[in-house]
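Order of the sequence lines fixes the chain letters, A, B, ..., with proteins taken first and strands second; residue numbering starts at 1 for each chain.
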Amino acid sequence: MLDIKFIIENREAVEKSIAMRHVTADLDAVIAAYDRFRETKQALEEKQAEANQVAKTISKADPAERPALIERGSALKAETSTLGEKLAGYEAEFQELMLTVPNTLPDDTPEGKDDQANIEIRKFMEPPRVNFKQKDHIELGKSLDLIDFEGGAKVAGAKFYFLKNEAVLLEMALQHFAFKKAIERGFIPLQTPDLARNDVLQGAGFAPRGNESNTYRIEDQDLSLVATAEIPVGGLHANEILPEEALPLRYVAWSHCFRTEAGAAGQASKGLYRVHQFSKVELYAFTTPEQSAAVHEEMLELEESIYQDLKIPYRVVRICAGDLGAPAWKKYDIEAWMPGKGENGEYGEITSASNCTDFQARRLNVRYKDKASGKNRFVHTLNGTAIAMSRTPIAILENYQTDRGTVIVPEVLRPVMGIDEIFPKNGAVADATQKAAG
RNA sequence: GGAGGGGUGGCAGAGCGGUUGAAUGCACCGGUCUUGAAAACCGGCAUGGGGGCAACUCCAUCGUGGGUUCGAAUCCCACCCCCUCCGCCA
């Protein structure tokens with residue numbers, strides 16, 4: 001959420017952002033709602049002042065004068081009560097409209113309405129040329145007996161899955177690897193609640209309900225399953241005033257991620273690419289306004305170094321205005337080469353890194369005490385993916401497959417996984433199951 | 001899940017329904033003293049919002065939301081959280 005005063009004073013910049021992002025937000029309506037809210041509030045405060053005055057007088061008033069004063073107080077009470085109701089309505093309308101206004105944009109934001117307009121800014125490794133037909137991760141998952149989508153569907157429905165055999169070790173090794181690298185750089189490790197209160201979701205900029213909502217809600221409770229650790233970690237310091245010395249405060253957090261993905265059936269969503277549940281190692285930082293740009297670059301650098309160590313070909317893209325989420329001021333994605341995506345392989349989004357400036361902090365109400373001025377100011381928040389356990393394994397399986405149908409284990413993961421290569425199972429498990437049944 | 005206790009300023013901790021936005025202590029900031037520091041002493045010190053060039057002034061906030069009352073930190077109701085005990089449990 002932006003500051004209404006900022007919107008009024010920087011109207012052009014906000015209008016420009018709305019236009020560039022291709023979203024609809026009516027600033028005239030927002031400002032009109034604010035004026036209505038503020039005028040009503042002023043009227044209410046005048047009545048409250050008078051009521052306070054009367055109440056104060058009564059305690060010292062002559063007994064003979066009291067009945068008249070009490071009557072006056074009663075009348076004022078009725079008036080403030082009516083005005084209060086009116087004000088609550090105006091405030092709700094105003095807040096509602098404020099939610100439609102996105103963050104502003106840096107001047108160098110690429111124009112464009114969707115991911116087609118994102119700008120590639122650099123590349124690591126070239127997609128390798130191989131002389132055999134590469135399989136996608138679904139086939140590999142089947143032949144190596146690593147991912148059981150049928151089982152997932154049986155238990156929880158489509159887009160759920162079981163990880164199995166080496167895939168389980170792969171996930172654990174990736175987690176460990178990502179945590180180790182982030183901790184080395186001063187990130188504080190966390191494991192978060194997988195559920196969060198709806199106001200925390202809202203504060204982080206996620207809609208707990210409504211058409212565009214991507215979240216699972218808990219029936220009869222004020223809780224939702226988190227879509228990312230960004231939600232609980234953002235909420236961790238909600239309504240706090242952090243000491244300036246604590247900033248930048250960097251976390252690396254593991255959580256499950258739950259997404260309803262309503263209406264996503266037609267999109268690039270084969271296999272593990274778009275699922276209802278996965279786990280993720282997320283980076284999150286609270287910074288001063290002065291620090292956020294540098295921490296953003298640092299986050300991206302950490303993400304890149306993870307994929308460099310894993311030796312997965314990738315490219316970094318700068319996200320265009322139309323492809324940014326409302327809270328994001330600036331955002332990079334890393335897209336990994338996925339040989340099984342599309343006809344002959346495509347780059348697929350594997351991480352992102354966003355600087356939300358104070359947009360998220362304002363709603364979460366996370367501030368810090370600025371030493372120089374002694375003032376409380378909103379922090380900046382940033383979030384980024386270290387490793388998404390659904391998509392990174394796709395890239396590993398598809399890039400590390402051999403013409404023998406095996407998958408080589410990336411060198412940096414071998415110590416934790418304890419193996420160098422993943423071999424086809426040749427129905428061994430099915431045989432075992434049959435034997436057990438017989 | 002059951003029974004009891006409790007949530008007050010950065011922290012600790014007072015607070016008969018009416019000069020309590022809130023005593024006191026600690027911490028913090030400024031000053032006096034000191035060669036310097038400590039101690040002592042003096043002064044300042046919640047947040048958000050509105051109005052005013054300013055001095056200043058008004059409104060809201062004592063877990064959250066309702067209620068009673070002319071007036072609520074103080075009384076009533078609901079909810080949330082914390083602590084103790086019991087039950088269940090990885």
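No close placement of the A/Y284 and A/Y251 rings is indicated, their centers lying 6.0 Å or farther apart.
In this model, the phosphate group of B/G18 is not approached by any side-chain N or O of A/N52 to a distance below 4.0 Å at OP1 or OP2. Look at A/R367 and you'll find a side-chain N or O under 4.0 angstrom from OP1 or OP2 of B/G48.
Looking at A/Q277, its side chain never comes within 3.5 Å of a backbone N or O of A/F258 through a donor-acceptor pair.
Nearest-nucleotide positions on RNA chain B place A/K56 closer to the 5' end than the other of A/R72 and A/K56. Each of A/I241 and A/A51 has a nearest nucleotide on RNA chain B; the 5'-most of these lies closest to A/I241.
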Name every donor-acceptor pair, under 3.5 Å, that has one atom in a side chain of residues 406-414 of chain A and the other anywhere in the protein, sequence neighbours excluded.
| from | atom 1 | to | atom 2 | distance (Å) |
| --- | --- | --- | --- | --- |
| A/T406 | OG1 | A/T402 | OG1 | 2.7 |
| A/T406 | OG1 | A/E421 | OE2 | 2.5 |
| A/R414 | NE | A/V409 | O | 2.8 |
| A/R414 | NH2 | A/V409 | O | 3.0 |

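The gap from the C1' atom of B/C83 to that of B/C59 amounts to 36 Å, rounded to the nearest Å. B/C26 and B/U19 are spaced 27 Å apart, taking the P atom of each and rounding to whole Å. The gap from the C1' atom of B/U47 to that of B/G9 amounts to 9 Å, rounded to the nearest Å. Taking atom P on both nucleotides, B/G63 is separated from B/G25 by 23 Å, rounded to a whole Å. Rounded to a whole angstrom, the distance from the P atom of B/G1 to that of B/U8 is 24 Å. With both ends at atom P, the span from B/G21 to B/A73 equals 8 Å, rounded to whole Å. For the P atom pair drawn from B/G87 and B/C80, the interatomic distance equals 24 Å after rounding to whole Å.
Regarding A/E79, its CD atom lies at a distance of 15 Å from the P atom of B/C70, rounded to whole Å. The distance between atom CG of A/N239 and atom C1' of B/G9, rounded to the nearest whole Å, is 16 Å. For A/F94 and B/G49, the CZ to C1' distance is 12 Å, given to the nearest whole Å.
Look at A/E15 and A/R11 and you find a salt bridge, because one of the NZ, NE, NH1 or NH2 atoms lies within 4.0 Å of a carboxylate O, short of that distance. Ion pairing between a basic and an acidic side chain is recognised when a charged N comes within 4.0 Å of a carboxylate O; A/K41 and A/E91 show no such pairing.
Within 4.0 Å (heavy atoms only), A/I58 reaches at least one base atom of the nucleic acid.
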Can you give me the N/O atom pairs linking the protein to nucleotides 73-82 of chain B at distances under 3.5 Å, or say none if there are none?
| from | atom 1 | to | atom 2 | distance (Å) |
| --- | --- | --- | --- | --- |
| B/C80 | O3' | A/R197 | NH2 | 3.0 |
| B/C80 | O2' | A/R197 | NH2 | 3.4 |

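A donor and an acceptor atom, one from each side chain of A/D370 and A/N376, are nowhere located under 3.5 Å apart. For A/Y314 and A/E304, the side-chain atoms include at least one donor-acceptor pair closer than 3.5 Å.
Taken to the nearest 0.5 Å, the CG atom of A/L69 stands 10.0 Å off from the CD atom of A/E71.
Within a 6.0 Å sphere centred on NE2 of A/H256, heavy atoms belonging to other residues, nucleotides or ligands number more than 12.
Of the candidates B/G50, B/G71, B/A60, B/G50 carries the atom nearest the A/K5 side chain, counting heavy atoms from C-beta on.
Applying a 4.0 Å cut-off to non-hydrogen atoms, the residues of residues 26-50 of chain A that approach RNA chain B are A/Y34, A/R38, A/K41, A/Q42, A/E45, A/Q48, A/A49, listed by residue number.
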